[in-house]
Protein chains: 2
Amino acid sequence: MKKRQVTSLDVARMAGVSQSAVSRTFTPGACVSEKTRLKVMTAARLLGYKPNAIARSLITQRTNMIGVVIGDTINPFYSEVLEETTQRLQATGRQVMLFVAAANLDPGEALPQALQYQVDGVIVSTAALSPQMALECANVGTPMVLVNRTIEGLDIPSVNVDHESGARAAADVLADAGYRRLAFVNGIQTSSGNEARRRAFQRRIAERGLPPALEDVGSYTYNGGFAAVIRLMTMTREHRPEAIFCANDVMALGGLHAVRHHLGLRVPEDVSIIGFDDIPEASWPSVDLTTIRVWPRELAARAVSMVLGMVESRTTTCDSQILPVELVVRASTRPAGSKASATAERVAT
Amino acid sequence: MKKRQVTSLDVARMAGVSQSAVSRTFTPGACVSEKTRLKVMTAARLLGYKPNAIARSLITQRTNMIGVVIGDTINPFYSEVLEETTQRLQATGRQVMLFVAAANLDPGEALPQALQYQVDGVIVSTAALSPQMALECANVGTPMVLVNRTIEGLDIPSVNVDHESGARAAADVLADAGYRRLAFVNGIQTSSGNEARRRAFQRRIAERGLPPALEDVGSYTYNGGFAAVIRLMTMTREHRPEAIFCANDVMALGGLHAVRHHLGLRVPEDVSIIGFDDIPEASWPSVDLTTIRVWPRELAARAVSMVLGMVESRTTTCDSQILPVELVVRASTRPAGSKASATAERVAT
DNA sequence: CTGAAAGCGCTTACAG
DNA sequence: CTGAAAGCGCTTACAG
């Protein structure tokens with residue numbers, strides 16, 4: 001059923017011009033007389049001709065495709081990153097070649113595949129990513145930008161939220177509320193963002209004179225957070241944390257539900273919970289989660305202009321960026337003293 | 001910084017064989033002696049050679065790329081469809097070229113773009129899609145499958161959930177509970193899925209001897225559902241609905257929150273609410289939404305095998321499929337009589 | 001402004 | 001099994 005493609009030669013013959021003339025007509029800014037252009041356009045319309053982007057890519061050495069690899073599409077945070085990335089790329093006439101890394105695992109063949117398809121650049125937004133992959137990319141000279149992560153030892157351009165300020169703000173909120181026994185629920189421990197949050201949180205706690213926070217792992221998922229919080233909350237009374245900071249909102253949501261509906265305890269009376277991301281669900285009245293707000297769409301926007309900038313200027317380097325975050329105090333944490341401030345305060349970064 | 005590409009010719013020279021030999025080594029199932037293969041592989045490794053998929057596509061007339069156009073990535077339902085689609089496609093060595101249609105609008109240039117890139121097939125999962133676009137696709141002979149929608153007058157293969165049974169089940173639940181004044185919140189009225197649900201709901205209501213349901217529109221979004229339900233619930237007492245069926249869960253969630261937290265009313269005591277999709281949030285204890293469960297991943301899986309089947313067999317037609325749905329009774333609807341059945345009942349389809 | 005021609009990097013009959 | 005050669009559909013110097 002696949003019909004033979006109509007090519008520029010077909011159009012040329014019908015229009016009575018050379019094949020070059022057809023090509024020029026479809027190349028913005030090429031020299032063609034109005035008369036020729038008209039002949040070509042009518043013939044093209046009649047035949048239903050559309051230039052073959054693959055053939056063009058081969059000769060121009062540019063595909064206008066950007067590889068986008070993403071880890072966890074189910075997390076609303078990454079859904080927004082993906083949507084914004086794609087729309088921005090489309091707006092500039094680029095195509096996105098999408099790769100989803102199974103369950104936050106190393107994207108494996110994604111990068112090599114993308115490179116075989118000669119993508120002009122790559123945006124990687126996935127917790128797990130082996131340095132080898134990244135190196136391979138660098139070797140081919142394909143621009144790459146990391147979203148919300150870095151790779152130790154490699155100087156790859158990235159856009160990150162300010163993990164440290166966010167984690168410090170979380171520590172401060174809990175310390176201000178007078179808690180002493182805190183806990184931290186890791187996402188994926190090999191993720192650079194997780195590490196940044198964990199370290200900054202522990203350090204700030206120490207600065208505030210509190211004992212180190214207990215740790216557990218929730219693999220960045222709802223169920224993982226649910227289970228981790230159950231484990232923490234069923235410890236003996238002397239160990240049980242008074243407040244829990246989860247490395248992302250999805251886990252915090254799981255934890256919140258575990259506490260309220262599975263353990264039958266109250267938040268924040270029995271335990272405070274704080275998340276990271278401020279996904280839409282966090283502000284639902286029935287949830288009302290204290291969290292650290294980030295701007296996923298801004299993250300995406302920066303990443304897109306970074307890759308495109310590198311593609312245009314034929315570089316593989318550019319300055320990394322760090323975006324500010326904002327503490328959003330809601331009802332899942334106990335306020336400092338008696339005055340409950342439910343307003344969002346800007347975090348100095 | 002972009003280095004000159006390593007080509008098969010470079011490898012051939014280093015290995016001391018013809019360029020054809022190199023090509024054969026990288027073509028599964030081609031005839032190459034073990035000796036040649038070894039020479040080629042070592043040279044390739046040394047040079048870091050990877051076949052250029054674009055050049056290959058041009059000559060083989062097959063890109064192994066599938067275009068995927070999606071409407072609303074933020075809706076968890078479509079996130080799952082997208083994730084499953086992509087992973088399945090990747091698993092067969094295909095690439096996905098992603099298009100996201102802004103805010104459920106007509107994808108516009110998405111299809112033409114995809115066609116210029118010579119995608120082998122297209123999976124379209126977006127509420128709005130102009131028939132012209134679809135026709136254009138058909139004219140090029142590119143296989144296309146629609147997910148959860150159809151196009152009136154065109155016989156394009158599709159995978160749909162059983163909108164009708166689902167809507168009937170919703171009508172029955174509400175009629176069984178003894179309600180008389182019902183309402184339906186449309187998603188997007190130009191969406192075929194919305195129409196199917198609306199019509200089946202109204203028809204079933206009539207069959208049960210109830211007056212027609214009031215209607216409003218919520219554009220398939222949380223805020224849209226929130227606003228629509230507020231409008232419905234602030235009507236005069238004699239018009240105000242006793243139960244509301246929303247065309248998807250996202251709107252139902254908005255509606256639920258509007259009722260509980262904005263209007264300060266109780267669900268289901270003051271009004272029953274029922275959704276469609278059974279997204280993860282619907283089963284959160286604090287939500288507990290009665291809904292119609294569908295299987296987004298199964299939808300995606302079918303769509304993928306349909307396109308791939310057509311690609312393999314060089315057809316553009318295949319049988320459409322309809323997947324069953326299941327009523328999930330939770331706490332947002334009043335049970336029939338006094339015996340609350342909180343278990344899921346299979347809907348006959 | 002226009003056309004003839006080379007060439008992007010590959011696959012695949014074809015002849016050996 | 002192997003190599004020389006044609007050709008996929010385009011862009012772009014080059015000469016006119």
Side-chain angles (χ1 to χ4, degrees), chain A residues 2-41 43-44 47-65 113 115-120 140 142, chain B residues 2-41 43-44 47-65 113 115-120 140 142:
Chain A
K2 185 91 181 179
K3 297 170 192 159
R4 199 185 71 78
Q5 232 192 110
V6 355
T7 75
S8 55
L9 202 60
D10 299 320
V11 178
R13 273 196 280 262
M14 175 175 247
V17 299
S18 74
Q19 186 260 336
S20 319
V22 178
S23 175
R24 291 197 182 96
T25 304
F26 286 93
T27 306
C31 280
V32 220
S33 68
E34 200 47 44
K35 219 177 78 185
T36 318
R37 173 186 303 280
L38 226 69
K39 284 195 289 187
V40 170
M41 287 311 267
L47 295 170
Y49 171 75
K50 290 258 189 304
N52 182 324
I54 295 298
R56 171 183 292 165
S57 298
L58 187 58
I59 191 75
T60 60
Q61 304 279 63
R62 198 171 257 211
T63 55
N64 283 323
M65 298 193 295
Q113 296 259 34
L115 294 180
Q116 283 197 254
Y117 275 86
Q118 317 295 120
V119 295
D120 295 337
V140 190
T142 303
Chain B
K2 185 93 181 177
K3 298 170 191 158
R4 200 185 69 77
Q5 232 191 112
V6 191
T7 75
S8 56
L9 203 60
D10 299 320
V11 178
R13 272 197 280 262
M14 175 176 248
V17 298
S18 73
Q19 185 261 335
S20 321
V22 177
S23 175
R24 289 196 183 97
T25 305
F26 286 93
T27 307
C31 280
V32 220
S33 68
E34 199 47 43
K35 220 178 77 188
T36 315
R37 172 187 304 281
L38 227 68
K39 284 194 289 188
V40 170
M41 287 311 266
L47 295 171
Y49 171 75
K50 290 258 190 304
N52 181 324
I54 296 296
R56 172 184 290 165
S57 299
L58 186 58
I59 191 75
T60 59
Q61 304 280 61
R62 199 170 257 211
T63 55
N64 282 322
M65 297 194 295
Q113 296 260 34
L115 294 180
Q116 283 197 252
Y117 275 86
Q118 318 296 119
V119 295
D120 295 338
V140 191
T142 302

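Keep in mind the model is a prediction, meaning the values are calculated, not measured. Here is the naming used below: chain letters follow the sequence lines, and residue numbers restart at 1 for every chain.
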- Item | Shortest non-hydrogen separation from B:Met41 to B:Phe26 and the atoms involved | SD-CZ, 4.1 Å

- Let me have DNA chain C in dot-bracket notation, would you? Count Watson-Crick plus G-U wobble pairs, both distances under 3.5 Å, and use [ ] for pairs crossing earlier ones and | for inter-strand partners. |||.||||||||.|||

- Query: Is there a side-chain contact between A:Met65 and B:Ile54, using heavy atoms and a 4.5 Å cut-off?
  - Reply: yes

- Query: At what distance, to the nearest 0.5 angstrom, does NZ of B:Lys50 lie from CD of A:Gln118?
  - Reply: 11.5 Å

- Which of B:Val32, B:Val40, B:Thr36, B:Val17 passes side chain to side chain contact (heavy atoms under 4.5 Å, CB included) with B:Arg24? Answer is B:Val32

- Message: Just to be sure I understand the geometry, which residues of residues 20-29 of chain A put a non-hydrogen atom under 4.0 Å away from DNA chain C?
- Response: A:Ser20, A:Ala21, A:Arg24

- Query: Are B:Arg56 and B:Asn52 close enough, and set up right, to give a side chain to side chain contact (heavy atoms under 4.5 Å, CB included), and what steps lead you there?
  - Reply: CA-CA 6 Å; B:Arg56 172 184 290 165; B:Asn52 181 324; over 6 Å; no

- Message: Among A:Leu47, A:Val22, A:Val6, which residue satisfies the side chain to side chain contact (heavy atoms under 4.5 Å, CB included) criterion with A:Met14?
- Response: A:Leu47

- Message: Quick check: closest heavy atoms across A:Val119 and A:Thr142, and the distance to 0.1 Å?
- Response: O-CG2, 3.8 Å

- Item | Main-chain N/O of A:Thr63 paired with A:Tyr117 side-chain donor or acceptor, under 3.5 Å | no

- Could you say whether A:Ile59 or B:Leu58 is positioned toward the 5' end of DNA chain D, judged by the nucleotide with the nearest heavy atom to each? B:Leu58

- Item | Start and end of chain B contact along DNA chain C [non-hydrogen atoms, under 4.0 Å] | C:dG9 to C:dA13

- Item | Between C:dG16 and C:dT12 - C1' atom distance, rounded Å | 16 Å

- With a 4.0 Å cut-off on heavy atoms, is A:Ser57 in touch with a base, just the backbone sugar-phosphate, or nothing at all? nothing

- Task: Let me know, please, whether A:Thr36 or A:Gln19 comes out on the 5' side of the other along DNA chain C by nearest nucleotide.
- Result: A:Thr36

- Query: Under 3.5 Å, side chain of B:Gln19 to main-chain N/O of B:Ser8, donor-acceptor pair present?
  - Reply: no

- Starting from the C-alpha separation in whole Å, work towards a yes-or-no answer on side chain to side chain contact (heavy atoms under 4.5 Å, CB included) for A:Asp10 and A:Arg13. CA-CA 5 Å; A:Asp10 299 320; A:Arg13 273 196 280 262; 3.7 Å; yes

